[in-house]
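Remarks on the structure that follows.
The figures that follow rest on heavy atoms only: side chains count, while hydrogens, waters and symmetry mates do not. So you know, we letter chains A, B, ... as the sequences are listed, proteins then strands, and number each from 1.
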There are 2 protein chains.
Amino acid sequence: MAGSGAAAPTSERILDAAERLFAAKGFAGTSLREITASAGVNVAAVHYHFGSKEELLRAVLSRIVEPVNRERLELLGRAEGAAAPEPPSVEAVLEAFLAPDLRVIRELGERGAVITRFMGRSYTEPSDLVRGMIQEQFGELGRRFHQALCRAVPDVPPDELFWRLMAVVAVVTYMLAVPREEGLGGLLEPDDVDGTLRRMIAFLGPGIRAPAPPRGGQSASARP
Amino acid sequence: MAGSGAAAPTSERILDAAERLFAAKGFAGTSLREITASAGVNVAAVHYHFGSKEELLRAVLSRIVEPVNRERLELLGRAEGAAAPEPPSVEAVLEAFLAPDLRVIRELGERGAVITRFMGRSYTEPSDLVRGMIQEQFGELGRRFHQALCRAVPDVPPDELFWRLMAVVAVVTYMLAVPREEGLGGLLEPDDVDGTLRRMIAFLGPGIRAPAPPRGGQSASARP
DNA sequence: GTCTATAACGGGATAGAC
DNA sequence: GTCTATCCCGTTATAGAC
């Protein structure tokens, strides 16, 4: 894991290169020849190890997403345990959801930046394949966190909380996807993961706790 | 504008088809041949009217973004005028920013859905070209709305407010980009633009007003 | 202005030697 | 397992007829 020399097995070299290039240029925008050239291997090696470009993508994606989502669920379980019979706070749920994404940046250095960018991109990737895989991965995770939010904020309706959870996904996704060199300010500050986490929680927490807007068609501002 | 028959000029037919396909499959994932086949014109017509695939993209993008951003600025100006010498509320600023995006869905019907999806995608599009164009368009707009937020919430530091404005962009971008058929619930509800707008403002408003988190590396809660 | 035809190239995938 | 060589297809772009 630490030795990043040239001695890595071929399939991992391919995965690393594909990860980097998919993150930078998207799936459709990256050719197998770029990947194999960057990995220092032959084009045929991809087909031998993965079978096709699509399967390679699937391999790249699960190598990233699975451990992060596992950590999310683990942190959520720990937060629920620590809160004893009470449900954990909104902030604790948010932290369990956001921290693994942010932490990966610090712990994996340059590759962490690549990974988070790749993940952010994948959520809005045009390819049906990519989004299908993301949703597959997100299904159980989403239900778990939705349920946790419902217990943390019982006075907001569940479907409203689901919408808000999606908004949380939106924020973290976008912040991960936009490269930090790029105008718009240093959105992520990879050196200050804790600060970014506090920033996100300070912004998102009040929105999740906020009372739901009144239902109904176009009634102006009637408020019971 | 209303007559959407086959009598439309070639260049507009190309723009319409390109808009639809770029939205569905991304820039790199769409070929000129798909576009021209869908538009019922010849491949060479693209080069005659636009010069290249990139220039076609630029044309598609500005046709969409420019009127929306113009309306955003106009609504902001109107809100500032209505609030007299006082600055407008956070909610008024948010509405000026969000409403044009949402309204386009209702007013343009199916094409509105296509457009919003295209816009949402473009913000995280892997292509440097696309993002460069988006940023170009966003520059002045971002400054204007940032300034408006700073006056609406003077007790939150400007850079924090800029970060939060980006979070607003993230939410609207994501909600626009995710197709509504797709699991994750009907995030946008194009039939109920007003409801969606209230929902967004109810969620985002409190986050923007929230006190900024304490600064500094890992010092707990020192606040000068 | 719009078409046909073709150039010039790069893409993913595969067969078979080693 | 890994390479070379090649197939076959789709891509952007252009030249020239109409």
Using modelled atom types and a 3.5 Å cut-off, is there a donor and acceptor pairing between side-chain atoms of [X] and backbone atoms of [Y]?
X: B:His146; Y: B:Leu165; answer: no
X: A:Lys53; Y: A:Thr30; answer: yes
X: A:Glu34; Y: A:Ser31; answer: yes

- Query: Considering only D:dT11, D:dC3, C:dT2, which nucleotide approaches the side chain of A:Val41 most closely?
  - Reply: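 Per side-chain heavy atoms of A:Val41, the pick is D:dC3.
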- Query: A:Arg33 has a side chain; which of C:dG12, D:dT2, D:dA13 sits nearest to it?
  - Reply: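 Closest of the options to the side chain of A:Arg33: C:dG12.
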[X] has an atom [atom1]; how far is it from atom [atom2] of [N], in whole Å?
X: A:Glu12; N: D:dG1; atom1: CD; atom2: C1'; result: 16 Å
X: A:Asn42; N: C:dG12; atom1: CG; atom2: C1'; result: 13 Å
X: A:Glu55; N: C:dG12; atom1: CD; atom2: P; result: 15 Å
X: A:Phe27; N: C:dG12; atom1: CZ; atom2: C1'; result: 11 Å
X: B:Leu32; N: D:dT14; atom1: CG; atom2: P; result: 12 Å

- Query: Given that A:Ala44 and A:Glu34 both sit by DNA chain C, which one's nearest nucleotide is further toward the 5' end?
  - Reply: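 By nearest-heavy-atom nucleotide position, the 5'-most residue is A:Glu34.
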- Item | Salt bridge flag under 4.0 Å for residues B:Arg164 and B:Glu160 |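 A salt bridge is present here (some side-chain N lies under 4.0 Å from a carboxylate O).
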